[in-house]
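The first residue in the sequence is number 1, and the count goes up from there.
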Amino acid sequence: ISQEYIPDMVDYLKDNGYAHYDQGALVVDVKEETDTKEIPPCMILKSDGAALYDTTDLATIIQRMKLYKPDEICYLADKRQELHFVQCFRCARKAKLVNDDTVLSFIGFGTMNGKDGKPFKTREGGVMRLERLIGEINDEMYEKIVENRSVKDTDARGTAQIVGLSAIKYGDLSNQASKDYVFDVERFTSFEGNTGPYILYTIVRTKSILGKYKEEGNELKKGALLAPKSDSEKALMLSVSRFNGVVENAFEEKAPHKICAYIYELANAFNGFYHETKILSEEDFKVQASYIGLLVLTKNILETCIDVLGFSAPDRM
């Protein structure tokens with residue numbers, strides 16, 4: 001669609017003196033005095049008149065400014081594309097294609113590699129397609145779920161897809177975007193360690209306790225949280241209290257891996273509390289209500305975070 005903006009953009013850049021011809025190609029100089037390395041001109045048209053990535057990306061910026069008037073345009077692409085985006089952003093600013101206060105940002109990501117440290121491939125050596133990867137992960141999760149016999153066979157396939165998606169998304173997003181990483185199917189589908197299935201297993205555990213609490217005739221009412229009775233309860237409370245700050249920081253830095261690190265810490269804190277505390281058999285009603293209130297907070301935070309990361313939890317695993 002942005003193609004239709006190219007002719008007018010080319011005329012605008014030439015007519016206003018931003019672009020000039022260099023060896024037959026139409027370019028915009030974007031180097032700055034403070035540059036410590038050479039920044040080549042932004043090429044608008046090749047000498048044969050053909051458009052390039054620079055051309056279409058600049059035309060897309062014009063289109064987005066016209067249609068959406070965004071405060072920020074954020075690009076997520078291979079980190080090796082950084083120079084291209086430096087050129088485009090500088091050209092857009094120099095030619096006033098964006099407002100002075102429009103933020104243009106680039107997030108470069110690394111490569112997903114196999115255990116051999118090379119770009120992830122199929123067993124046959126071809127490029128791994130996403131649908132193939134999802135299929136392999138789902139099969140792996142299905143086998144583990146059937147092995148555990150934790151879900152009825154009729155539900156196992158559906159549960160495997162939910163948990164498999166968590167393995168892929170969490171495995172990818174828990175890594176700092178710009179770093180290369182090894183996609184280890186075995187590790188990412190594990191129910192233990194810093195994985196999506198472990199986070200989901202923790203959420204399912206909270207759902208199970210709350211379900212049993214309600215079965216015993218209790219209501220999930222918001223009540224006061226009492227002072228912690230153990231170090232593990234205190235650790236869980238402190239972890240819960242960090243939620244707002246973590247989400248704000250992850251948003252400001254465009255760093256979903258910080259949310260992953262936080263929910264792994266929170267899941268560990270909850271499981272430590274769970275293993276040390278008799279929640280459902282606690283005889284002091286007020287203490288039990290406080291435990292349940294903390295449990296509800298933990299579950300809500302974990303579910304909110306995985307929703308932000310783009311996956312959900314099943315009711316059973």
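- With salt bridges taken as basic N to acidic carboxylate O contacts below 4.0 Å, none links Lys212 and Glu216.
- With 3.5 Å as the limit, one finds a donor-acceptor pair spanning the side chains of Glu253 and Asn249.
- Note that CG of Leu297 is 11.5 Å distant from OG1 of Thr206, once rounded to the nearest 0.5 Å.
- Residues Phe106 and Gln81 share a closest heavy-atom pair of CZ-C, 4.2 Å.
- Pairing each heavy atom of Lys31 with each of Arg90, the nearest pair is CA-NH1, 3.8 Å.
- At least one side-chain heavy atom of Ile168 sits less than 4.5 Å from a side-chain heavy atom of Phe183.
- Under 4.0 Å is where a charged nitrogen must lie from a carboxylate oxygen, and between Arg129 and Glu131 at least one such pair does.
- For the pair Pro40 and Val30, the tightest heavy-atom approach, listed with the atom from each and the gap, is O-CG2, 3.4 Å.
- Proximity of Tyr262 to Ile301: side-chain heavy atoms (C-beta onward) are separated by under 4.5 Å at one or more points.
- With hydrogens and angles disregarded, no donor-acceptor distance shorter than 3.5 Å links the side chain of Asp307 to the backbone of Glu303.
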Audit row: Leu200, Met317, side-chain contact (heavy atoms from CB on, under 4.5 Å) steps and yes/no: CA-CA 8 Å; Leu200 297 196; Met317 272 171 76; 3.7 Å; yes

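- Looking at heavy atoms from C-beta onward, Tyr142 lies out of side-chain contact with Asn138 at the 4.5 angstrom threshold.
- Relative ring orientation between Phe89 and Tyr75 is described as tilted, the plane-to-plane angle lying within the 30° to 60° band.
- A side-chain donor-acceptor contact under 3.5 Å links Asp180 to the backbone of Thr111.
- Side-chain heavy atoms closer than 4.5 Å link hydrophobic residues (I, L, V, M, F, W, Y) into clusters, and following such links, even through other members, never connects Tyr170 to Leu76.
- Taking 4.5 Å as the limit, some side-chain heavy atom of Met65 sits within range of a side-chain heavy atom of Asn99.
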Please lay out, stage by stage, how Leu58 and Cys42 fare under the test side-chain contact (heavy atoms from CB on, under 4.5 Å). CA-CA 10 Å; Leu58 285 167; Cys42 184; 4.0 Å; yes

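- Remark: side-chain polar atoms of Ser166 are paired, donor with acceptor, to backbone N or O of Val163 under 3.5 angstrom.
- The main-chain N or O of Tyr53 is found under 3.5 Å from a side-chain atom of Thr56 such that the two form a donor-acceptor pair.
- Considering all non-hydrogen atoms of both residues, Leu210 and Leu295 come closest at CD2-CD2, 3.6 Å.
- Between Asp116 and Lys118 there is no salt bridge, since no side-chain N of the basic residue sits under 4.0 Å from a carboxylate O of the acidic one.
- A side chain to side chain contact (heavy atoms under 4.5 Å, CB included) with Pro41 holds for exactly one of Asp29, Val28, Leu26; it is Asp29.
- Looking at Ser190, its side chain does come within 3.5 Å of a backbone N or O of Glu192 through a donor-acceptor pair.
- Using a 4.5 Å heavy-atom threshold, the side chains of Leu133 and Met112 count as touching.
- The ring pair (Phe, Tyr, Trp, His ring centres under 6.0 Å) check on Tyr18 picks up Tyr12, with sequence neighbours excluded.
- When all heavy atoms of Ala313 and Ile306 are compared, the closest pair comes out as N-CD1, 3.6 Å.
- For His257 and Asn175, the side-chain atoms include no donor-acceptor pair closer than 3.5 Å.
- At distances below 3.5 Å, not a single donor-acceptor pair connects side-chain atoms of Lys258 with backbone N or O atoms of Ala250.
- Here Phe273 and Tyr291 bring their ring centres to under 6.0 angstrom of each other.
- By the 4.5 Å heavy-atom criterion applied to side chains, His20 and Val27 are counted as neighbours.
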Could you please spell out the steps behind the salt bridge (charged side-chain N to carboxylate O under 4.0 Å, His left out) verdict for Lys229 and Glu282? CA-CA 12 Å; Lys229 298 176 73 67; Glu282 173 57 54; over 6 Å; no

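- Between Phe191 and Tyr201, the two ring planes are perpendicular [angle over 60°; tilted spans 30° to 60°].
- Lys207 places a side-chain N or O within 3.5 Å of a backbone atom of Pro314 that can act as its donor or acceptor partner.
- Residues Thr189 and Thr195 are not in side-chain contact: their nearest non-hydrogen atoms beyond the backbone lie 4.5 Å or more apart.
- Contact detail for Lys169 and Gly310: the closest heavy-atom pair is NZ-O, 2.7 Å.
- The existence of a salt bridge linking Arg157 and Asp139 is confirmed by a sub-4.0 Å separation between a basic side-chain nitrogen and an acidic carboxylate oxygen.
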